[in-house]
2 protein chains.
Amino acid sequence: MARIVTIRTVAEHAGCSIATVSRVINRSAPTSTEVETRVRAAITALGFRPSEIGRALKTLRMRTLGVVIPSLMNPVFAASVAGMEAAARERRHTLLLTATDYEAGREAELVETLVAQNVAGLILTVADADENPTLDMLDAEHIPYVLIHNEPVRTRRAAVCVDNAAATFALTGAMIAAGHRRIAYLAGRFSTSDRSRRRHEGYAAAMTAAGLTAEAPVELDYLSDVPGHAEALAGLFLSPGRPTAALCSNDLLALSVAGALRDLGLGVPADVSLAGFDGIALGHVMNPTLATVDTPTRRMGERAVEMLFAMLEDDAPPRVEHLPFTLRPGGTLAAAPADAVSVPCSPVSNP
Amino acid sequence: MARIVTIRTVAEHAGCSIATVSRVINRSAPTSTEVETRVRAAITALGFRPSEIGRALKTLRMRTLGVVIPSLMNPVFAASVAGMEAAARERRHTLLLTATDYEAGREAELVETLVAQNVAGLILTVADADENPTLDMLDAEHIPYVLIHNEPVRTRRAAVCVDNAAATFALTGAMIAAGHRRIAYLAGRFSTSDRSRRRHEGYAAAMTAAGLTAEAPVELDYLSDVPGHAEALAGLFLSPGRPTAALCSNDLLALSVAGALRDLGLGVPADVSLAGFDGIALGHVMNPTLATVDTPTRRMGERAVEMLFAMLEDDAPPRVEHLPFTLRPGGTLAAAPADAVSVPCSPVSNP
DNA sequence: CTGTTAGCGCATTCAC
DNA sequence: GTGAATGCGCTAACAG
């Protein structure tokens, strides 16, 4: 099961010491060409592969990056991890992958598990990047990490994300421009997360700038639970003076909200306009197409790894890097009914 | 960066030997309650976490499972990995994740990398499960592994998959029942893969059973390269007596083929009916919905891990486990034009 | 019940 | 340019 060929076997086979074999493998010191060829021959003949365990025990650092994300079932995180994997592979590292299934309580344990494996560094998406004892622990132990999708504001932590507030500000602006006056904000799991909070801030800023009323987030408990959502949304969307539009904190939520609204007998976008956030492929092919904010998720994963290595090798200081987003128009965002538009409001422009 | 507190630190702090600390941690031998409480106190006080490296050096086995898949950008593999991660986590293991980006040539190197990390076992999707030197090597070294999505037929290897031939047999039967007589088979990357081969076999068997002509697979080189596909498909679908239906070897390919056909001015399903394979969520929401074979991808990932642990712990013999699939009807598969139906054919039933 | 000790595979001194 | 020796953190065998 485990390889029986060790550095010692190679040394015997090549008629030299294990130190010399190590030198040949790592080019850590000059060796005579004659010995080197003998060693290399022995290595290939025996099919020897240096144990990462042995090396790590000595160097106290595995060539792995620990990853913690909410779930791979969300294409946003799948794409991020794909980007991380490619970037890590370029640097001869592999990913140690774990998922919280959207339970913030699991973060601490998963991080501990990864740290126990002596990962070179960590890439994380957490519920809250500012108020987070696990991250405090990593800081205290000087274990390098980069957040992804999170947007820390109060703390000095490395992160790769989009400017969530600016994105929802723009998206809300587009809804207002389409004549919507009462716009609901729907949040999914992680509703108390930093990025969800930032997204709501952008929405609220745009509403206020237009002289409209920003509403508190409506929290929907479970992803993809369409029947549950229909029930939760009935009160809001079947009442008089109901919202004519809803901004969802992410695309997956927008999809199930669309289903829930249809279950309530409401048309999208005929009765309610809808927009999401992330830019998953699903939104492109559904009918009508989903209006959303397109984010470079795969690229974010690559950047997170690049940033982590910069910290690892060049001792780069932690910083928040914002990657560009684009507004993606879609069929779910249509003009508001004429009676709704009649409500006065001020024009909105970017801050 | 690395933890400075070792089992020795704990031993000193608790006033006992490192062996006793080890015993407390692993419950590998009885210890007096008094010493145990002292040790546990020391562990929490010092924030000690046993190094997986140290343990692995001794046991020659890390609590990790090596994973090799083509790409996380394909939701099929993302879901599989999500299932693996959950099942592995239940057993206190983590995944070491790598991807080939659909380049079979990378398989060997990635597997070597994972083996060098002393993974407990491997879960792989390879290009060819039967003719595969890398798998031969794993067999020779008695390193346990389970294939996923692959369907080995000639070799005795552990695998979790659906019955690809039966699935395409049924799917092709549905197309024939809808009146289609000339049905093309389109294969994406990995076109020489075992599962693609098995899928084509099922298609060919159904065609032959109906007295129709089975065609060789049309190989499309790149995923999602719609313009390239349009060019490659023009000859086939713009000719007289052209196919009225096409069976694609997977859903992602079906999506880009749908785009290519529309670029050629052909309606789906008005001019050409289409079906895929896998059952990705995209197919559900696109318009028209995609006819396909629904496969339990997440469950397959879980089963692969369960099977691997059965081999690891109970020395279970390698076997191929088929998980159930279902035909998913969809708008892309419609009745053939009347003139096409007039071609005679025999009724098809399952073999 | 507990302590001592010998490695696991490797990198890295320090001699030569 | 090379080899012998040491220790990384831990488990397990053996003594007590």
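Computation of the quantities below employed the complete heavy-atom set of this structure, encompassing side-chain atoms and omitting hydrogens, waters and symmetry-equivalent molecules. This one's a predicted model, so the numbers in the text were calculated from it and none came from an experiment. Convention: sequence-line order gives letters A, B, ...; per-chain numbering from 1.
- Distances shown here put a side-chain N or O of A:S17 below 4.0 Å from the OP1 or OP2 atom of D:dG3.
- In this structure, the nucleotide among C:dT2, C:dA11, D:dT11 sitting nearest to the side chain of A:I7 is C:dA11.
- Rounded to whole Å, atom P of D:dG9 lies 14 Å from atom CG of B:L46.
- In this structure, A:L60 places its CG atom 15 Å from P of D:dG7, rounding to the nearest Å.
- At whole-Å resolution of the value, CE in B:M62 and C1' in D:dG9 are 13 Å apart.
- Within residues 28-37 of chain B, no residue has any heavy atom under 4.0 Å from DNA chain D.
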Stepwise salt bridge (charged side-chain N to carboxylate O under 4.0 Å, His left out) test for A:E151 and A:R197
CA-CA 10 Å; A:E151 192 175 1; A:R197 211 155 42 222; over 6 Å; no

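- If you take CD1 of B:I43 and P of D:dG9, they are 16 Å apart, rounded to a whole angstrom.
- Separating the CD atom of A:E52 from the C1' atom of C:dC8 is a distance of 16 Å, rounded to the nearest angstrom.
- C:dA11 atom P lies 14 Å from atom CZ of A:R27, rounded to whole Å.
- A distance of 6.0 Å or more separates the ring centres of B:F48 and B:H13.
- When each of A:I53 and B:R23 is assigned the nucleotide of DNA chain C bearing its nearest heavy atom, the one mapping closer to the 5' terminus is B:R23.
- Checking C:dC10, C:dG3, D:dG3 against every side-chain atom of A:I18, the shortest atom distance belongs to C:dC10.
- Of the two residues contacting DNA chain D, namely A:G15 and A:R8, the nearest-nucleotide position lying further toward the 5' end is that of A:G15.
- Nucleic acid contact class of A:S22 (heavy atoms, under 4.0 Å, all strands): base.
- In this structure, the side chain to side chain contact (heavy atoms under 4.5 Å, CB included) partners of A:E34, at least two apart in sequence or on a different chain, are A:S32, A:R38.
- Counting distance only, with no hydrogens placed and no angle test, the side-chain atoms of A:R49 and the base atoms of C:dG9 include no donor-acceptor pair under 3.5 Å.
- Across the protein-nucleic acid pair, A:Q117 atom CD and D:dC8 atom C1' stand 17 Å apart, rounded to whole Å.
- For the pair B:E109 and A:R92, the salt-bridge criterion is not met [side-chain N within less than 4.0 Å of a carboxylate O].
- Side chain to side chain, A:S71 and A:D101 fail the donor-acceptor criterion of an N or O pair below 3.5 Å.
- Salt-bridge formation is not detected for the pair A:E12/A:R8: no Lys NZ or Arg NE/NH1/NH2 atom is positioned less than 4.0 Å from an Asp or Glu carboxylate oxygen.
- A:Q117 and A:T64 share no donor-acceptor pair across their side chains, judged by distance under 3.5 Å alone.
- Between A:T125 and A:N150, the side chains place no donor N or O within less than 3.5 Å of an acceptor N or O (distance only, hydrogens not considered).
- When distances are taken from the side chain of A:K58 to each of D:dG7, D:dT11, D:dG3, the shortest belongs to D:dG7.
- For B:A19, taking side-chain heavy atoms from C-beta onward, the closest of the listed nucleotides C:dC10, C:dT4, D:dC10 is C:dT4.
- Relative to the side chain of B:L57, the nucleotides C:dC8, C:dC10, C:dT5 differ in distance, and C:dC8 lies closest.
- Residue contacts shown for A:I25 are absent, as no nucleic acid heavy atom lies under 4.0 Å away.
- With rounding to whole Å, B:N26 atom CG is found 10 Å from D:dC10 atom P.
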